[in-house]
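Note: hydrogens, waters and symmetry copies are ignored here, and every other heavy atom, side chains too, is used.
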Amino acid sequence: MLWDASAIHGYSISASDGGLGTVSDFLFSDDTWRIRWLVVDTGNWLSGRKVLLHPSALGLLDTVLRQLPVKLTKSQVEASPEISTDQPVSRQLETQLYDYFGWDPDWSAMYAESGGIAPGYVAPPYRSGSSSNGSVAADAKPNADDPHLRSMRAVTGHHVHAIDGEIGHVEDFLIEDAGWSVRYIKVDTKNWWPGNKVLISPRSVREIDWEERLVYLNVDR
């Protein structure tokens, strides 16, 4: 099912033994357009900490209760590696999270190849250990940020340029919850085509200029 990313912001995150906080953001890979992490605002429970949850731990969205259940306990999350709210997410930190929770960094790829059947989730142990995935550990460099990991909140508002001119700005993202990927970018075209919004496939994105806050497409108006 497709969801506006902005509509999920503010949903409460429900662990098996209580609330963890609320949905604050999504982090996605701008090369694959798959969501790698859900960012949780823990409020006063874990003040000053950012909690990242892998898509494989997420349950089904409850639109009535505005709730998203996760296959974790509060104690598991509290004892997880700390991620500061004012620091970017490094590959090393991602690897630490994969190790601690027992999450598979290739879960999204496996899901796509299986034709939509997600692999079973195994409850993680209450300890961190060495990585079972050699390639991930080898690529993890201390304090090395992943250049492809992006925040949806940060990209919202970027101006969108077609081959022959600007068409509008990024208003939202349509997320598919089956494999947790970005299906469409929602563009508000009010300055070019008043009263309209268009959906752009991520495959149409040629380049993203993060400093200038611009998205370039390989299609014309």
Side-chain angles (χ1 to χ4, degrees), residues 5 8 11-29 32 34-43 45-62 67-114 117-146 148-152 175-181:
I8 304 176
Y11 267 49
S12 60
I13 303 296
S14 175
S16 59
D17 55 354
L20 299 178
T22 58
V23 177
S24 173
D25 198 358
F26 292 97
L27 303 183
F28 68 97
S29 297
T32 65
R34 291 191 176 278
I35 294 171
R36 288 233 298 269
W37 302 103
L38 179 148
V39 184
V40 180
D41 181 351
T42 60
W45 176 50
L46 296 177
S47 182
R49 280 186 59 181
K50 180 190 298 181
V51 171
L52 301 182
L53 300 180
H54 193 260
S56 63
L58 306 181
L60 297 177
L61 287 161
D62 187 327
Q67 188 175 88
L68 178 58
V70 296
K71 307 162 189 175
L72 298 168
T73 65
K74 294 183 69 173
S75 59
Q76 285 174 300
V77 173
E78 187 172 12
S80 65
E82 288 198 25
I83 298 177
S84 175
T85 56
D86 58 357
Q87 294 292 325
V89 178
S90 69
R91 289 172 176 165
Q92 183 184 42
L93 288 173
E94 287 190 280
T95 300
Q96 290 174 357
L97 289 169
Y98 289 134
D99 288 348
Y100 173 79
F101 285 108
W103 290 328
D104 189 338
D106 294 324
W107 176 83
S108 293
M110 291 167 55
Y111 185 92
E113 291 172 2
S114 68
I117 302 176
Y121 175 83
V122 178
Y126 284 86
R127 59 179 176 81
S128 59
S130 60
S131 174
S132 60
N133 188 319
S135 61
V136 174
D139 291 339
K141 299 178 181 178
N143 302 319
D145 305 335
D146 187 334
H148 292 293
L149 189 61
R150 303 296 174 181
S151 156
M152 282 191 179
I175 297 174
E176 184 175 23
D177 63 357
W180 290 100
S181 62

Which heavy atom of [X] sits nearest to which heavy atom of [Y], and what is that distance?
| X | Y | result |
| --- | --- | --- |
| Gln76 | Tyr100 | O-OH, 2.8 Å |
| Ser47 | Thr42 | N-OG1, 4.3 Å |
| Leu61 | Trp180 | CD1-CH2, 4.4 Å |
| Arg49 | Glu78 | NH1-O, 3.1 Å |

**Study point:** Within-4.5 Å side-chain heavy-atom neighbours: Trp37 and Asp25
**Key:**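 No - every pair of side-chain heavy atoms lies 4.5 Å or more apart.
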Check your understanding: Does Leu27 reach the side chain of Leu52, with side-chain heavy atoms less than 4.5 Å apart?
Key ->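 A side-chain contact under 4.5 Å exists here.
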Say you draw a straight line from [atom1] of [X] to [atom2] of [Y]; how long is it, rounded to the nearest 0.5 Å?
| X | Y | atom1 | atom2 | value |
| --- | --- | --- | --- | --- |
| Ile175 | Ser181 | CD1 | OG | 9.0 Å |
| Ser24 | Lys50 | OG | NZ | 8.5 Å |
| Lys74 | Leu46 | NZ | CG | 8.5 Å |
| Ser29 | Arg34 | OG | CZ | 10.0 Å |

Exercise for review: Would you check, one step at a time, whether the test side-chain contact (heavy atoms from CB on, under 4.5 Å) holds for Leu93 with Gln96?
Suggested key: CA-CA 5 Å; Leu93 288 173; Gln96 290 174 357; 3.4 Å; yes
Practice item. Look at the aromatic rings of His54 and Tyr98 and report parallel, tilted or perpendicular, splitting at 30° and 60°. Key: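 Correct class here is perpendicular.
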Practice item. Quick one: do Leu97 and Thr95 satisfy side-chain contact (heavy atoms from CB on, under 4.5 Å)? Show the steps, please. Key: CA-CA 5 Å; Leu97 289 169; Thr95 300; over 6 Å; no
**Study point:** Check: Ser16 side chain, Leu72 main-chain N or O, donor-acceptor pair, under 3.5 Å
**Key:**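 The answer is yes, because a donor-acceptor pair under 3.5 Å joins these two groups.
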Point to revise | With Leu68, the side-chain contact (heavy atoms from CB on, under 4.5 Å) member among Thr22, Asp62, Leu53, Leu58 | key: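 In the set Thr22, Asp62, Leu53, Leu58, the residue that makes a side-chain contact (heavy atoms from CB on, under 4.5 Å) with Leu68 is Leu58.
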Review point. Taking atom types as modelled, is there a side-chain donor on Asp17 or Thr73 under 3.5 Å from an acceptor on the other?
Key: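 No, no side-chain donor-acceptor pair sits under 3.5 Å.
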Review point. Can a salt bridge be assigned to the pair Arg36 and Glu94 using a cut-off of 4.0 Å between side-chain N and carboxylate O?
Key: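 Counted as a salt bridge, because a side-chain N and a carboxylate O are separated by less than 4.0 Å.
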Practice item. Assess whether side-chain contact (heavy atoms from CB on, under 4.5 Å) is satisfied between Phe26 and Ile8, documenting all intermediate values. Key: CA-CA 10 Å; Phe26 292 97; Ile8 304 176; 4.0 Å; yes
**Study point:** Stepwise side-chain contact (heavy atoms from CB on, under 4.5 Å) test for Leu38 and Tyr11
**Key:** CA-CA 11 Å; Leu38 179 148; Tyr11 267 49; over 6 Å; no
